[in-house]
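Predicted model only: the values in this text are computed from it and were never measured. Residue numbers start from 1 in every chain, and the chains themselves are labelled A, B, ... in the order their sequence lines are given, proteins ahead of strands. Below, all heavy atoms of this structure are taken into account, side chains as well, without hydrogens, waters or symmetry copies.
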Amino acid sequence: MQNYAFEMRDVSIRYPHFSMENLNLSLLQGQVMGLVGVNGAGKSTTIRILMGLVKANAGEVKALGYDLPSQQVQAKYDIGFASDDMRLYKSQTLQWHMDFVQSIYPKFDSAYAKDLLKRFDLIADQKIKGISHGQRVKACLLLVLARRPKLLVLDEPTTGLDPVAREEVISELADILRDDERSVLFSSHNTHDIEKLSDQIAFLDKGKLLALQDKESYLESWGRFRCQVKDTASQSVVGAVSIIRHGQIAEVVTDQWSEGYAKQLQEAGFSVLEQHRMSLEEIFVANVKRSR
Amino acid sequence: MTTTIHNSQMIKHLVMKDWALMKKSIAAYMLAGIVTLGIMGMATAITFNIAAILMITLLIVIGARSAIESIVNEKKEQTLPFILSLPVTPQDYAFAKLLSNLVLYFVPWLILVLGMLVIIVSTPIYNGVIPLVILVSAYILAAYCCYLATALLTYSEGFTISVMIVTNLLLNGFIILIMRLPELNQTFEAATASWNATSLLILAALITFSAAILLLTGILQKRLTSFL
Amino acid sequence: MTFGLFLSSTDKKPMYLQIVEQITSKVMVGDWLADMPLPSIRELAASTQVSVITVKRAYLELERAGVIVTQPGKGSYVSTNSELNQELRKQEFEQHLAESINLAKQLQLSDDDIITCVKQHLGEHKSPK
């Protein structure tokens with residue numbers, strides 16, 4: 001019987017201009033889930049409901065086995081949260097924040113924290129007022145990582161970071177993979193990071209889950225075909241998400257790729273010239289365009 | 001309610017956190033307060049009036065700044081997600097805010113009021129002035145409770161400042177009122193402090209009002225479910 | 001410690017396939033010897049910064065190809081199959097052949113054209129001695 005890192009069942013929330021109905025999302029312990037979606041799709045809302053910062057109108061939420069929001073205090077001892085709109089106290093130094101967090105969490109590893117200071121190229125005695133956006137994001141992550149929480153919930157952890165800072169952060173996140181008792185939920189516009197590190201992919205759009213699947217099979221179910229079309233070719237093909245024609249050449253995108261799909265296309269009058277796997281970014285755009 | 005009490009550890013941390021953030025400001029205010037007391041200690045009619053005005057201003061400013069900074073700004077400056085990611089419920093957070101602001105205002109207020117009383121008693125200033133000083137200080141405390149409540153329940157800078165302005169305008173009216181009341185103004189010039197039914201009634205009303213506002217705030221805060 | 005694996009994110013090949021190919025070539029050239037224990041799935045995932053599920057899939061494919069063997073509870077090891085090398089090289093040949101045929105089809109060559117081309121190359125192969 002495996003444990004769940006978190007479970008969200010039939011969660012619904014209603015805002016004046018946005019609503020989410022019956023969201024079902026869960027992650028087994030020891031896995032990484034990547035949350036993908038356009039701005040306003042509901043990623044931050046989902047994360048906030050999970051963290052007990054926002055109360056859903058209906059549904060059940062559990063994190064690390066604890067009911068939220070009723071047991072959020074116990075839960076939060078083992079959950080680490082960082083979001084890109086999180087700010088620290090400008091008048092205080094990073095060291096002050098580290099001491100503050102250490103006084104609260106018994107699991108805070110100050111040796112690891114010092115190590116992270118070096119790796120993230122941060123200065124402990126610097127006031128938060130004077131640090132750049134990227135350094136602030138890394139500082140928030142440091143405060144969370146140093147506690148080695150069982151569940152890490154990150155809202156856009158690499159957004160707005162320069163390539164070096166991004167690599168530093170990804171490197172620390174990858175370290176968590178070693179531990180089969182630690183789990184990560186992160187949302188990101190860097191589909192590349194999600195593609196590399198996630199075990200599960202959750203795709204949100206307008207408050208609905210467009211997809212919830214393990215990464216490997218999800219990526220494999222999408223494919224792009226460049227074909228030569230005869231005039232007798234049909235206008236649509238089973239399983240095609242989009243067909244774009246320029247003269248004799250057509251580009252077909254499918255989300256039901258299989259070994260035999262090329263043959264299906266041939267039978268529909270599309271002579272396959274090339275086929276390509278799609279990156280998560282390409283899938284993202286194709287998937288969102290389809291539902292508009 | 002019980003879970004809030006159980007989380008007293010975290011509430012203590014949050015209160016200490018607010019103290020660390022406001023330490024410097026409070027130290028500066030206390031310094032200004034000591035200077036004002038010094039002026040008052042010079043014991044002439046003019047210096048007393050100047051010191052009185054300065055002290056009133058100081059007591060108001062301390063409250064205004066801390067209410068805006070530690071409450072409304074916490075939402076504006078987006079440090080709220082950081083705090084709420086700690087092992088606290090939004091209710092714990094709200095209660096800690098109420099507590100820390102109250103304590104971090106009441107202690108300086110008390111020190112300054114006692115300071116004034118000491119100065120008055122130990123200098124040629126008419127002791128009859130004591131009830132006046134206490135009543136005005138109590139009014140300022142009651143006014144503080146009003147805009148503290150506003151800040152905690154609305155998190156709006158606009159509403160809070162409006163309440164501040166209204167209560168301060170009314171302060172002038174209050175001072176004029178008690179100075180004009182015949183039962184009171186005849187006691188002010190006396191060498192000894194004397195309380196009568198009227199002044200005690202006003203004092204009791206102010207204290208009760210402050211306590212009621214705080215209690216109401218505490219209760220209404222419980223019903224807030226999200227801040228973000 | 002990346003165990004000598006260099007994964008490229010700009011390579012069109014899926015990550016799991018890169019892992020499979022790189023480990024396979026290490027075994028083929030003899031850098032990784034028979035019976036050598038492979039890094040644990042999580043260890044490899046963390047050091048190459050790829051998801052656990054990707055490494056799991058790579059190990060599965062490697063086992064299917066006979067390159068490694070997995071003992072439940074003990075981990076994975078490079079297989080001791082003495083004909084492994086031969087098998088791997090044959091697989092490589094068939095892969096190249098499939099790619100060549102694919103290319104030929106894109107050029108719209110007929111099956112006969114392809115066979116003629118192959119015979120040509122076989123002929124060239126015989127000459128130098």
**Residue-level contacts of residues 92-117 of chain A with chain B, using a heavy-atom cutoff under 4.5 Å** = A/Gln92, A/Trp96, A/His97, A/Phe100, A/Val101, A/Ser103, A/Ile104, A/Tyr105
**Asked** Just checking, any donor-acceptor pair under 3.5 angstrom between side chains of A/Thr159 and A/Asp84?
**Response** no
**Request:** Indicate yes or no for a side-chain donor-acceptor contact from A/Lys138 to the backbone of A/Arg119 under 3.5 Å, with no hydrogens or angles considered.
**Result:** no
**Asked** Any sub-3.5 Å donor-acceptor pair from A/Asn57's side-chain atoms to A/Arg14's backbone N or O?
**Response** yes
**Message:** Below 4.5 Å, heavy-atom pairs only: which of B/Met16, B/His13, B/Lys24 has the largest tally toward chain A?
**Reply:** B/His13
**Asked** Can you tell me how far the CD1 atom of A/Ile13 sits from the CD1 atom of A/Ile49, to the nearest 0.5 Å?
**Response** 4.0 Å
**Donor-acceptor under 3.5 Å (B/Thr160 side chain, B/Tyr147 main chain)** = no
**Request:** Keeping the roles fixed (side chain from A/Lys43, backbone from A/Ser187), state whether a donor-acceptor pair exists under 3.5 Å.
**Result:** no
**Asked** Which region of B/Leu86, side chain (C-beta onward) or backbone (N, CA, C, O), has a non-hydrogen atom less than 4.5 Å from a non-hydrogen atom of chain A, or is it both or neither?
**Response** both
**Item:** Passing option when A/Ile79 is tested against A/Met51, A/Gln74, A/Lys150, A/Gln72 for side chain to side chain contact (heavy atoms under 4.5 Å, CB included)
**Value:** A/Met51
